[in-house]
Protein chains: 2
Amino acid sequence: MDLRAVRSPAMTDVAKLAGVSHQTVSRVLNDHPNVREQTRLRVRAAIAELGYRPNRAARALVTGRSQLIGIVAQNSTLYGPASLLAAFEQAAAEAGFAVSVGSVGRMDRESIAGAVERHLDQRVAGLVVIAPVASADDALDDMPDDVPLVTIDGDPARSRALVTVDQAAGARQATELLLAAGHRTVWHVSGPPDWYDAAGRADGWRSALEAAGAEVPPVVAGEWSASSGYAAGRMLARMPEVTAVFTANDHQALGLLRALSEHGRRVPDDVSVIGFDDVPEAEFFIPPLTTVRQAFDAVAQAGLELLLAQISDEAPLAEQIVIAPTLVARSSVGPPPHRV
Amino acid sequence: MDLRAVRSPAMTDVAKLAGVSHQTVSRVLNDHPNVREQTRLRVRAAIAELGYRPNRAARALVTGRSQLIGIVAQNSTLYGPASLLAAFEQAAAEAGFAVSVGSVGRMDRESIAGAVERHLDQRVAGLVVIAPVASADDALDDMPDDVPLVTIDGDPARSRALVTVDQAAGARQATELLLAAGHRTVWHVSGPPDWYDAAGRADGWRSALEAAGAEVPPVVAGEWSASSGYAAGRMLARMPEVTAVFTANDHQALGLLRALSEHGRRVPDDVSVIGFDDVPEAEFFIPPLTTVRQAFDAVAQAGLELLLAQISDEAPLAEQIVIAPTLVARSSVGPPPHRV
DNA sequence: GGATGCATTGTTAGCGATAACAAGCGCCGC
DNA sequence: GCGGCGCTTGTTATCGCTAACAATGCATCC
């Protein structure tokens, strides 16, 4: 009969086969100096022969820390968060870490604390908190300070290590592009006001208008959804003075485009539109959407580097990294119609 | 000075405070019978007072299994996989399990095996493999059989426990709706042929046509992307006999809609279109897209139940669950134009 | 009243790794 | 030639928990 399930080999089995003590095996595994090359090779061979793989639980027990990185994120299928999560997971895997995801329904203190606790139970080596919402700030205050922590899109004042995307810069670029095309001013459909991303985009938009001496129209408040873009669009479409709109994300832009189309306002002939995110489909909107791309993999990469530095160094370095977004020009932008 | 970081309390601390042995604490934690109610309360109180939380690593070490579920999925931001992942994570968290994600670049034997190994290192309590691609089949063959395993969208012949969505049924419904609207036949833009989902949708489409005695036009091969839908659309738009198209997903439909619009073919007046997935934005396509919704949370729920059953029972039950999708009717479908 | 049984609690022995310390050995300098 | 130092290896203790077994107390039964 097949005895494969008897027990997976432990360190002592390797030691016995290699004719050394288990401690020497441990040293080989952890790349300690002061192991004779010949011994090292013998141990390596034994490891290979037995197909030995160290027991992470045992290691975690004695060191008090696992090879696991915990991510706390809002449970959402929004393009931004989902991409970020995927990118992070990818980067962590390459660094030899597993990733445990703890998603929360809402970004409030209690939910986040719960997710963090669950991760601490697992003795994670480090924590990544994706906290794009103001309501997450309180939670950041009572983070444990004895575990490496990186915040993504959080409050700079409350985070030691932080990675953000310069939302305002992206919004400024978008707004400036529209102004440069000849539009007198640019309207803005915002995201939820408690999201930093949304606030940053609105700020960038406003500052670009002010810098250009353009009138600042009232913000049209929206959510991230296509639905809210549609609602905003139904209103804006009836206002002939609106010739350029910058939406806080691409989904809103999609809804806006439909509303404009229903009201017979052509894009970009009558109205120019710019979105934010560069979702993969944006190129196939009607018309193809000019938008702002965030480099999520760069964010993830930077975040992981910050985290790994903390994990290895112990030094609680307080770096903050800002990633610049890039404008992707497509055909949804044009000059304003002749008669404004 | 603050001594919070001294050491988090262990079971013996709780035991001392409650005046019992650490084993009794363990019994209380694991809901063993045969603990006097009074003792139980005393222990609970001590746990609360110390803010004690059990060390999972220690438990995993002695039991050989952690409270961690490993998920192997393709690293993608496609709507389907991303939603599934999110839903799964949600369901697992509710059941008190943490979720470790191991994503792979490609769904081949080697990549999957690697991800599985990484999970086994963590001594996961169970594994979920999202294997919607034929190339993943080989990998399923050399899965360890001593760890609970559930396959999502995989090969029924090779999986013990499997959850799938009845893609064919969804495709049939879509096709039948178009036929019922009066179209002579329905064209199909397919997904990548090695994906089970894509194959199932194509099968359902074909069988519905055959059952109705309609002519079966050649499949237009696509990928999941909007881009491929656009390419297909540029071709189909020039063919006046095409009055109804069923695409393998919503993104393709988006690309198709744009191609049709560019060629001056109106939807649904000239051409009716149905997609698959019901992405949140589908309602805001131009026009709103009729599509087929997969209940990802139901899939995740079912998958988790299968997994938990295996984890607790030890009984390697070989159940397979099929989830039925539902048609979501919107305005992209109408009768064919008068002159066909 | 003492054997029997059950409910309850305590004791001991690991799980598989790392850390701290000890020991063996060759080489150096005086 | 001998003490001491550094490289290499082994021994022992320990992390925090669960499993198996032992021990206790009390009610029950004949």
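None of the values given here were measured: they were computed from a predicted structure. Order of the sequence lines fixes the chain letters, A, B, ..., with proteins taken first and strands second; residue numbering starts at 1 for each chain. Side-chain atoms are counted along with the backbone in the values below, which use heavy atoms only and exclude waters and symmetry mates.
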Who pairs with [X] by salt bridge (charged side-chain N to carboxylate O under 4.0 Å, His left out), at least two apart in sequence or on another chain?
| X | answer |
| --- | --- |
| A/Glu94 | none |
| B/Asp166 | none |
| A/Asp108 | A/Arg106 |
| A/Glu117 | B/Arg53 |

- Query: From D/dT9, C/dA17, D/dC17, pick the nucleotide closest to the side chain of B/Pro54?
  - Reply: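 Closest nucleotide among those given: D/dC17.
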- Item | Side chain of B/Ala10 - closest among D/dC17, D/dT18, C/dA17 |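 In terms of side-chain proximity for B/Ala10, the closest of D/dC17, D/dT18, C/dA17 is D/dC17.
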- Item | Residue pair A/His119 / A/Ile71: nearest heavy atoms and the distance that separates them |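 Distance-wise, the nearest heavy atoms are CE1-O, 3.1 Å.
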Measure the distance from [atom1] on [X] to [atom2] on [N] and round it to the nearest whole Å.
| X | N | atom1 | atom2 | value |
| --- | --- | --- | --- | --- |
| A/Leu61 | D/dA13 | CG | C1' | 13 Å |
| A/Arg65 | C/dG16 | CZ | C1' | 19 Å |
| B/Asn55 | C/dC15 | CG | P | 18 Å |
| A/Arg53 | C/dG16 | CZ | C1' | 16 Å |
| A/Arg56 | D/dG16 | CZ | C1' | 20 Å |
| B/Gln67 | D/dT18 | CD | P | 11 Å |
| B/Met11 | D/dG16 | CE | P | 11 Å |
| B/Arg59 | D/dG16 | CZ | P | 15 Å |

- Message: A side-chain contact here means heavy atoms from C-beta on lying under 4.5 Å apart; do B/Met107 and B/Asp194 qualify?
- Response: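 No, side chains not in contact.
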With sequence neighbours left out, what residues match [X] under side-chain hydrogen bond (donor to acceptor under 3.5 Å, both in side chains)?
| X | answer |
| --- | --- |
| A/Tyr196 | A/Asp137 |
| A/Gln301 | none |
| A/Glu89 | B/Ser103 |
| A/Ser66 | none |

- Item | Positions of residues 29-48 of chain B (non-hydrogen atom under 4.0 Å from DNA chain D), listed by number |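 Listed by number, they are B/Asn30.
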- Closer than 4.0 Å, any side-chain N/O of A/Thr24 to the OP1 or OP2 of D/dG10?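 True: A/Thr24 side-chain N/O within range (under 4.0 Å) of D/dG10 OP1/OP2.
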- Are any of A/Thr63's side-chain N or O atoms less than 4.0 Å away from OP1 or OP2 of C/dT18?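 No, outside the criterion.
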- Query: What bend angle does the helix from C/dG1-D/dC30 to C/dC30-D/dG1 show across its length, from five-pair end axes and to the nearest 10 degrees?
  - Reply: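 One end's axis against the other's: 50°.
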- Quick one: list whatever passes side chain to side chain contact (heavy atoms under 4.5 Å, CB included) with A/Ala82, sequence neighbours left out.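 Testing A/Ala82 for side chain to side chain contact (heavy atoms under 4.5 Å, CB included), a comparison that skips the adjacent residues, returns none.
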- Query: Using a cut-off of 4.0 Å between protein heavy atoms and nucleotide atoms, how would you tag nucleotides 21-26 of chain D 5' to 3' with B, S and -?
  - Reply: ------
- Item | Positive for side-chain contact (heavy atoms from CB on, under 4.5 Å) with B/Ile152, one of B/Val299, B/Thr164, B/Leu306 |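 Only one option passes, and that is B/Val299.
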- Do A/His22 side-chain and D/dT9 base share a donor-acceptor contact under 3.5 Å?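 Between D/dT9 and A/His22, which were checked side chain against base, a qualifying N/O pair under 3.5 Å is absent.
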